[in-house]
Amino acid sequence: MARSRSTRRRRRGRFSFLLKLLCFALVLSAMVAALTLFFKADVILVEGNARYTNEQIIEASGLQIGDNLYLMNKYAHAQEIFRKLPYVERAAINRKLPDTLLIEVHECAAAAAVSGQGGTWLMSVRGKLLEQSDKLPENCVKVSGCLLVDPVESGEATVAEEEAYKLEVLKELLLEAEKKNMLSNVDAVDLGDDSCLQFSYAGRFTVKLPWNADIAYKLESLATVVDYLELNETGVINLITDGKASFIPE
């Protein structure tokens with residue numbers, strides 16, 4: 001008798017579990033159906049673009065009117081924009097209820113021209129390869145002493161493993177110079193000397209930095225030295241020694 005009651009309790013327990021599982025599945029199905037029916041994109045907006053049109057960015061994203069706001073993978077669509085449009089450095093897609101998708105892009109400019117297979121490649125300050133071109137845009141830094149390996153449009157700049165540190169220092173120099181509004185004065189960068197980094201500045205100076213330099217600090221020192229000198233002075237600004245800058249006139 002006791003065994004029979006125990007068996008019935010186990011059966012009721014199993015039935016209760018199955019009922020709860022069925023209810024959960026029904027609720028989940030109802031939620032998915034609601035998302036599919038009611039949260040569709042009727043408007044796609046684009047912000048932050050100048051080089052590319054709204055239509056180009058929307059086409060690159062793969063988004064379409066009628067896409068579900070919650071079931072689509074917004075990160076995958078943003079990555080498609082980054083991959084297909086070289087001059088887009090960052091892209092994000094946000095939902096604006098009840099029916100809008102907002103694409104926000106941050107475009108970049110050519111900051112450096114670096115030699116690679118097949119010719120010269122334009123590169124952003126963060127190392128994204130923009131296009132192959134032998135014509136340098138305005139304020140684009142000519143880089144020598146470094147060769148790109150397997151360059152591809154919209155890809156990341158890479159060099160031989162033994163020269164990877166040079167590329168990282170170059171990107172840091174470009175980024176910090178841009179932050180300090182000094183990039184337009186950097187004319188050319190020479191990465192070919194293993195003892196130091198060299199670049200021409202303001203059409204008047206050759207600047208020397210150690211490879212392990214604190215780039216932000218050294219650029220501040222450079223600006224201080226240039227402000228101290230007369231407008232007609234030219235020469236070498238040596239920033240290799242820590243805490244000391246020296247000017248060698250021509």
Side-chain angles (χ1 to χ4, degrees), residues 20-114 116 121-133 135 137-141 148 150-158 167-168 170-172 174-181 183-184:
K20 291 178 181 177
L21 187 62
L22 179 60
C23 289
F24 175 77
L26 290 173
V27 170
L28 185 61
S29 298
M31 291 174 61
V32 172
L35 289 174
T36 303
L37 290 173
F38 299 112
F39 294 97
K40 292 185 178 181
D42 291 329
V43 179
I44 302 176
L45 301 177
V46 180
E47 290 183 357
N49 54 314
R51 172 180 287 270
Y52 299 111
T53 65
N54 292 359
E55 291 73 19
Q56 286 176 307
I57 292 174
I58 293 171
E59 182 181 359
S61 74
L63 293 171
Q64 296 180 344
I65 296 296
D67 283 348
N68 188 274
L69 269 64
Y70 285 95
L71 299 184
M72 62 94 180
N73 187 335
K74 61 180 185 178
Y75 303 105
H77 287 289
Q79 184 60 30
E80 283 297 291
I81 299 172
F82 177 87
R83 183 180 66 84
K84 292 179 180 177
L85 303 179
Y87 283 87
V88 171
E89 190 124 70
R90 293 192 300 274
I93 298 172
N94 297 299
R95 307 176 184 93
K96 287 190 172 293
L97 297 178
D99 60 359
T100 301
L101 287 171
L102 174 61
I103 303 173
E104 297 177 287
V105 298
H106 181 273
E107 296 178 343
C108 57
V114 189
W121 287 79
L122 304 183
M123 186 184 82
S124 75
V125 293
R126 289 179 171 82
K128 184 180 185 183
L129 296 179
L130 307 177
E131 62 176 303
Q132 187 177 344
S133 175
K135 184 178 180 181
E138 186 178 359
N139 296 329
C140 186
V141 179
L148 295 172
D150 298 327
V152 60
E153 191 175 275
S154 280
E156 183 179 356
T158 56
L167 180 61
E168 291 306 310
L170 171 65
K171 290 190 291 185
E172 185 179 0
L174 297 173
L175 186 59
E176 291 297 333
E178 182 183 62
K179 289 179 181 178
K180 298 179 184 302
N181 296 317
L183 186 56
S184 60

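Values below: all heavy atoms of this structure, side chains included; hydrogens, waters and symmetry mates excluded. The model shown is predicted, which means the values in this text are computed figures rather than measured ones.
Summarising the geometry of Met72 relative to Ile93, their closest heavy-atom pair is CE-CG2, 4.1 Å, with the distance given to 0.1 Å. Ala111 and Leu174 make their closest contact through O-CD2, 4.3 Å (heavy atoms, listed as atom of the first residue, atom of the second, distance). The minimum heavy-atom distance linking Val88 with Phe82 is given by the pair O-CD1, 3.5 Å. In terms of heavy atoms, Ala91 sits closest to Ala78 at O-CB, 3.5 Å. Nearest approach of Cys140 to Ala113, heavy atoms of both residues: SG-N, 3.7 Å. The minimum heavy-atom distance linking Leu167 with Met123 is given by the pair CD1-SD, 4.4 Å.
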Show me, pair by pair, the donor-acceptor contacts under 3.5 angstrom made by side chains of residues 150-157, not counting sequence neighbours?
{"residue": "Ser154", "atom": "OG", "partner": "Arg83", "partner atom": "O", "Å": "3.0"}

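In this structure Lys74 satisfies the salt bridge (Lys or Arg N to Asp or Glu O under 4.0 Å) test with no other residue, sequence neighbours excluded. With sequence neighbours left out, the side-chain hydrogen bond (donor to acceptor under 3.5 Å, both in side chains) criterion links Asp67 to no other residue. Looking at residues two or more places apart in sequence or on another chain, you find a side-chain contact (heavy atoms from CB on, under 4.5 Å) between Thr53 and Glu55, Gln56. By the salt bridge (Lys or Arg N to Asp or Glu O under 4.0 Å) test, Glu176 pairs with Lys179, sequence neighbours left out. In terms of the side-chain hydrogen bond (donor to acceptor under 3.5 Å, both in side chains) criterion, Asp42 has no residue partners (sequence neighbours excluded). For Glu59, the side-chain hydrogen bond (donor to acceptor under 3.5 Å, both in side chains) test picks out no residue, with sequence neighbours left out. Take Arg126 and apply the salt bridge (Lys or Arg N to Asp or Glu O under 4.0 Å) test, not counting sequence neighbours, and it matches Glu89. Residues passing the side-chain hydrogen bond (donor to acceptor under 3.5 Å, both in side chains) test with Tyr52, sequence neighbours excluded: none. Contacts of Ala41 classified as side-chain contact (heavy atoms from CB on, under 4.5 Å), with partners at least two apart in sequence or in another chain: Leu69, Leu101. For Asn181, there are no side-chain contact (heavy atoms from CB on, under 4.5 Å) partners at least two apart in sequence or on another chain.
Between Leu183 and Val141, the closest side-chain pair of non-hydrogen atoms falls below 4.5 Å.
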Decide side chain to side chain contact (heavy atoms under 4.5 Å, CB included) for Leu148 and Leu129; before the verdict, give the C-alpha distance in whole Å, the side-chain angles of both, and the deciding distance to 0.1 Å.
CA-CA 10 Å; Leu148 295 172; Leu129 296 179; 3.9 Å; yes
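Gln64 contributes atom CD, which lies 9.0 Å from atom NE2 of His77 (distance to the nearest 0.5 angstrom). Atom CG of Leu63 sits about 5.0 Å away from atom CD1 of Ile44, to the nearest 0.5 Å.
Listed by first and then second residue, the side chain to side chain donor-acceptor pair (under 3.5 Å) pairs involving residues 95-112 are Asn94-Glu104 (not counting sequence neighbours).
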